[in-house]
**Q** 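Dropping the structure in here first, questions after.
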Protein chains: 2
Amino acid sequence: MSMSTTTARPAGRPRSEKAEKAILEATLDLLGEGMGVSELSIEAIASRAGVGKTTIYRRWSNKEDLVVDALATLKAPVPELAGESVRDDLVTLLEVMRTEAGHVRRRCVMNIAMSESDRHPQLFAKFRKIAIEPRRNAVRAVLERGKANGELRADLDVELAMQTLTGAMIVHTKWHQGEPLAEDLSERIVDMVLEGIAAR
Amino acid sequence: MSMSTTTARPAGRPRSEKAEKAILEATLDLLGEGMGVSELSIEAIASRAGVGKTTIYRRWSNKEDLVVDALATLKAPVPELAGESVRDDLVTLLEVMRTEAGHVRRRCVMNIAMSESDRHPQLFAKFRKIAIEPRRNAVRAVLERGKANGELRADLDVELAMQTLTGAMIVHTKWHQGEPLAEDLSERIVDMVLEGIAAR
DNA sequence: CCGATACGCAACGGTTGCGTTTCATAACTT
DNA sequence: AAGTTATGAAACGCAACCGTTGCGTATCGG
């Protein structure tokens, strides 16, 4: 009756971490290539990962659970914020979105956010909590701070401002795919929303 | 050798306009219910329309052509613009988007615009020409006019402003489905973008 | 070595949708 | 009446994918 070092390991061959990682990677690859959750097939994932279907079904009972776990590995890398000005911090946050639009791997985050909210509401809920809310919180914090210290209007509707900032970037990335995004895009969006488009 | 009243009608039973209309309606219904183009099946359309598959295949050679034609029946109802002020015209245009988000039938326009751009690029291209560009042109015209007559900044980036205005509405409708959209949403978006969020 | 578990692989029966064909019937021209 | 085309229904063979099972092998603990 000896205890293993940390947890009592069950008898038999342990599950391959390499296989598990390969499955999640393959899932993200396929999603990143523009494949929707509906079209994503377990067989395609197994094939891409070089793994038997059995190995997948042993770990996840259905496709949605697998996708949720795969997306969970994409922890939102909310950047360090200088905190010097609202403008600079907003630019920093939008730059993250712009950069991700170029990386195949990270792009699927936004693809899924926009595409699958209707068809897989429960998946979307989990995904939102994991990948979207942290970023929204970061933007919200910057705006609230600016509202408190006078950089922004006192009557600002923070939620609406968040949607305006991110919406501009999302529309741009969605409908200009292929063409690289202008390097100063984030600055231009932030400055426009800060100063307004009306003449002074 | 007599000519028919208008066009020389070919011999035999004419194609049923009722069937054709039913097919297009069924297609729009299914799309409006949140079904993606990939999941949309000819069999489901035929069943919903009360029509044989033969009748569909005789008119369209593939699913994408059918979807394009179905979407084409949703002519962009660009509203009359009062033309009194840039602000009022922009509110009018955004109100169209907001209202459509409530109608099941019209909602699919936006759903497809956001979801299917990657997977069906050629469908998206046609769709964009039919349904998106007319609206973009209307917004662009308002902004250009405002830029010319001094209501808007002389150095305004019109394209970016369009994306900001529509992006805010799109994000709002996409992520708040279910909850009805506030009635003054369009006004609040327009005023925010016009005046900016920075303190004066 | 032995028992237990995981592995990749192949095959299974079942479902869905494809695009086509056949059929009896309906609608229209001459 | 005769000829022609369209219609809805049903069935076809084909392919993809489902979730499961069996196989021989690999990897662990005891």
Side-chain angles (χ1 to χ4, degrees), chain A residues 1-27 29-31 33-67 69 119-120 123, chain B residues 1-27 29-31 33 35-70 116 119-120 123:
Chain A
M1 186 202 238
S2 71
M3 298 288 283
S4 171
T5 55
T6 55
T7 58
R9 161 130 57 161
R13 178 177 177 174
R15 294 193 178 171
S16 161
E17 295 208 9
K18 199 169 71 180
E20 185 143 341
K21 185 169 276 182
I23 294 168
L24 294 171
E25 293 269 319
T27 305
D29 276 352
L30 292 171
L31 287 175
E33 290 170 8
M35 187 162 292
V37 176
S38 318
E39 302 137 274
L40 195 63
S41 75
I42 300 285
E43 305 216 329
I45 296 171
S47 168
R48 169 79 65 116
V51 148
K53 282 196 290 179
T54 328
T55 308
I56 296 181
Y57 281 113
R58 188 175 291 117
R59 295 159 207 263
W60 294 278
S61 56
N62 60 62
K63 190 166 62 181
E64 290 211 357
D65 285 357
L66 168 55
V67 172
D69 276 9
R119 275 164 280 185
H120 307 274
L123 183 153
Chain B
M1 183 199 238
S2 72
M3 297 289 283
S4 171
T5 55
T6 55
T7 59
R9 164 128 58 159
R13 178 175 177 174
R15 293 196 178 171
S16 160
E17 294 209 11
K18 201 169 71 180
E20 186 144 340
K21 185 169 272 180
I23 294 168
L24 294 171
E25 292 272 316
T27 305
D29 277 352
L30 292 170
L31 287 175
E33 288 169 11
M35 186 162 291
V37 176
S38 318
E39 302 136 274
L40 194 62
S41 74
I42 299 285
E43 307 217 328
I45 295 171
S47 168
R48 168 78 65 115
V51 148
K53 283 198 290 177
T54 327
T55 308
I56 296 182
Y57 280 114
R58 189 173 292 117
R59 295 158 206 263
W60 294 278
S61 56
N62 61 61
K63 191 166 60 180
E64 290 210 358
D65 285 356
L66 168 55
V67 171
V68 168
D69 275 9
E116 314 285 344
R119 275 164 281 184
H120 307 273
L123 182 154

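No experiment lies behind these values; they were computed from the predicted model shown. Side chains are part of it too, since the values below use all heavy atoms of this structure and drop only hydrogens, waters and symmetry mates. Note on naming: letters A, B, ... go to the chains in the order of the sequence lines (proteins, then strands), and numbering restarts at 1 for each one.
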**Q** Taking atom P of C:dC7 as reference, at what distance in whole Å does atom OH of A:Y57 sit?
**A** 15 Å
**Q** Quick one: does any side-chain atom of B:K53 pair with a main-chain N or O of B:I42 as donor and acceptor, under 3.5 Å?
**A** no
**Q** Hey, could you give me the CG/CZ distance between A:D29 and A:R48, rounded to the nearest 0.5 Å?
**A** 5.5 Å
**Q** Using a cut-off of strictly less than 4.0 Å, decide whether B:T55 has a side-chain nitrogen or oxygen near OP1 or OP2 of D:dA6.
**A** no
**Q** Got a list of protein N/O to nucleotides 2-5 of chain D N/O distances below 3.5 Å?
**A**
residue : atom : partner : partner atom : Å
D:dT5   : O2   : B:R13   : N            : 3.1

**Q** Which value, rounded to the nearest 0.5 Å, describes the distance between A:S16 atom OG and A:K21 atom NZ?
**A** 10.5 Å
**Q** To the nearest 0.5 Å, what is the distance between CD on A:E25 and CD1 on A:I23?
**A** 11.5 Å
**Q** Tell me whether A:S47 contacts the main-chain N or O of A:E43 through its side chain, where contact means a donor paired with an acceptor under 3.5 Å.
**A** no
**Q** Using 0.5 Å steps for rounding, measure from the CZ atom of A:R15 to the OG1 atom of A:T55.
**A** 9.5 Å
**Q** Starting at atom NZ of A:K18, determine the distance to atom P of C:dA6, rounded to an integer number of angstrom.
**A** 18 Å
**Q** Measure the distance from CD1 on B:I56 to C1' on C:dC18 and round it to the nearest whole Å.
**A** 13 Å
**Q** Using whole Å, report how far CD of B:E17 lies from P of D:dA6.
**A** 14 Å
**Q** Rounded to whole angstroms, how far apart are CE on B:M35 and C1' on C:dG17?
**A** 13 Å
**Q** Within residues 42-54 of chain B, find the residues that approach DNA chain C with a heavy atom at under 4.0 Å, and present them sorted by residue number.
**A** B:I42, B:E43, B:K53, B:T54
**Q** Working to the nearest 0.5 Å, report the span between NE2 of B:H120 and NZ of B:K63.
**A** 6.5 Å
**Q** Can you tell me how far CD1 of A:I45 sits from CE of A:M35, rounded to the nearest 0.5 angstrom?
**A** 9.5 Å
**Q** So do the side chains of B:L40 and B:L66 get within less than 4.5 Å of each other, counting heavy atoms only?
**A** no
**Q** Would you kindly give the CZ-to-C1' distance between A:R58 and C:dC9, to the nearest whole Å?
**A** 13 Å
**Q** What's the CD-C1' distance between B:E20 and C:dA27, to the nearest Å?
**A** 17 Å
**Q** Calculate the interatomic distance between B:L30 atom CG and C:dG17 atom P; express it in whole Å.
**A** 11 Å
